[in-house]
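Read through the structure below, which is laid out as structure tokens, and then see the notes.
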Amino acid sequence: MLDIREPWWYGHRMLRLEEPACNLHVWSLGAPEATRHRIFRDWLRGNEANRELYAAVKCGSVSTDGRRELVSRYNERKQETVRLIYSRAFIASGLIDPNTLPCDEFAFPCLCVTVWSPPF
């Protein structure tokens, strides 16, 4: 079932399936967002600690009152952890140089924490 349609964001669509439960995100051909998601996915596949952290945050972010809510509310609850994981993946892949990052909490709040955290 088509659940979200955002043509202004690289033609993004999200389809939801009940059984098995999954969300399928689709973007226009060549959209950079698909690459960003693949980086995230590949990082989680190779980093058990980050995969477990993400799973715990996802499960903890689900609405427990039984009502459907805006996806943005769910995403807000996961945002800090998602940014942390992205920063680790981008630094590890060489896409971000940790030595040139601004330590501005409004620019990217999790990066400064990530840069100085010991590897797991």
Side-chain angles (χ1 to χ4, degrees):
M1 162 176 87
L2 179 63
D3 200 50
I4 296 172
R5 186 171 180 272
E6 302 170 308
W8 58 91
W9 187 39
Y10 306 110
H12 177 250
R13 282 128 9 243
M14 190 194 79
L15 300 116
R16 183 184 312 269
L17 187 61
E18 296 296 326
E19 190 59 42
C22 74
N23 296 336
L24 175 65
H25 295 270
V26 180
W27 288 273
S28 299
L29 188 62
E33 195 62 23
T35 301
R36 192 172 74 89
H37 275 73
R38 279 194 301 274
I39 290 169
F40 190 83
R41 177 203 64 194
D42 293 348
W43 177 257
L44 290 180
R45 285 179 175 174
N47 293 272
E48 183 177 358
N50 278 208
R51 187 171 56 249
E52 289 174 0
L53 172 64
Y54 182 60
V57 168
K58 275 183 69 81
C59 290
S61 297
V62 174
S63 176
T64 57
D65 65 7
R67 292 181 299 157
R68 283 209 49 190
E69 65 178 346
L70 292 173
V71 174
S72 60
R73 300 249 195 273
Y74 166 71
N75 287 337
E76 286 170 8
R77 291 190 293 274
K78 300 185 313 175
Q79 181 175 348
E80 184 176 338
T81 299
V82 169
R83 287 183 173 180
L84 174 67
I85 293 169
Y86 266 121
S87 66
R88 290 175 175 166
F90 288 177
I91 289 167
S93 67
L95 294 170
I96 294 177
D97 179 357
N99 299 313
T100 62
L101 291 174
C103 279
D104 178 350
E105 65 179 304
F106 299 106
F108 209 124
C110 304
L111 280 176
C112 294
V113 173
T114 304
V115 171
W116 307 115
S117 295
F120 16 94

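Just the heavy atoms: all of them, side chains too, but no hydrogens, waters or symmetry mates, feed the values below. Everything quoted here is computed from the prediction, not taken from an experiment.
Atom CG of Leu29 has 12 or fewer neighbouring heavy atoms from other residues, nucleotides or ligands inside a 6.0 Å radius. Applying the 6.0 Å contact sphere to CZ of Arg5 captures no more than 12 heavy atoms from other residues, nucleotides or ligands.
When all heavy atoms of Gly11 and Ser28 are compared, the pair lying nearest together is CA-OG, 3.6 Å. Of all the heavy atoms in Asn23 and Met14, the pair that sits closest is CB-SD, 3.7 Å.
Separating the CG atom in Leu95 from the CG atom in Asp97 is a distance of 11.5 Å, to the nearest 0.5 Å. For the atom pair CZ of Arg41 and CZ of Arg51, the computed distance is 13.0 Å after rounding to the nearest 0.5 Å. For the atom pair OG1 of Thr81 and CG of Asn50, the computed distance is 9.5 Å after rounding to the nearest 0.5 Å. Here Leu24 contributes atom CG and Asp3 contributes atom CG; the two are 11.5 Å apart, rounded to the nearest 0.5 Å.
At a threshold of 4.5 Å between non-hydrogen side-chain atoms, the residues Asn75 and Lys78 count as touching.
No continuous path of hydrophobic side-chain contacts links Tyr10 to Tyr86 [ILVMFWY only; heavy atoms under 4.5 Å]. Cluster membership check: Phe40 does not share its hydrophobic cluster with Trp9, using side-chain heavy-atom separations under 4.5 Å among Ile, Leu, Val, Met, Phe, Trp and Tyr.
Between His12 and His25, the ring planes lie parallel to each other; the angle is under 30°, not in the 30° to 60° tilted range. In this pair, Trp27 and His37 present their aromatic rings tilted. The plane angle is within the 30 to 60° band.
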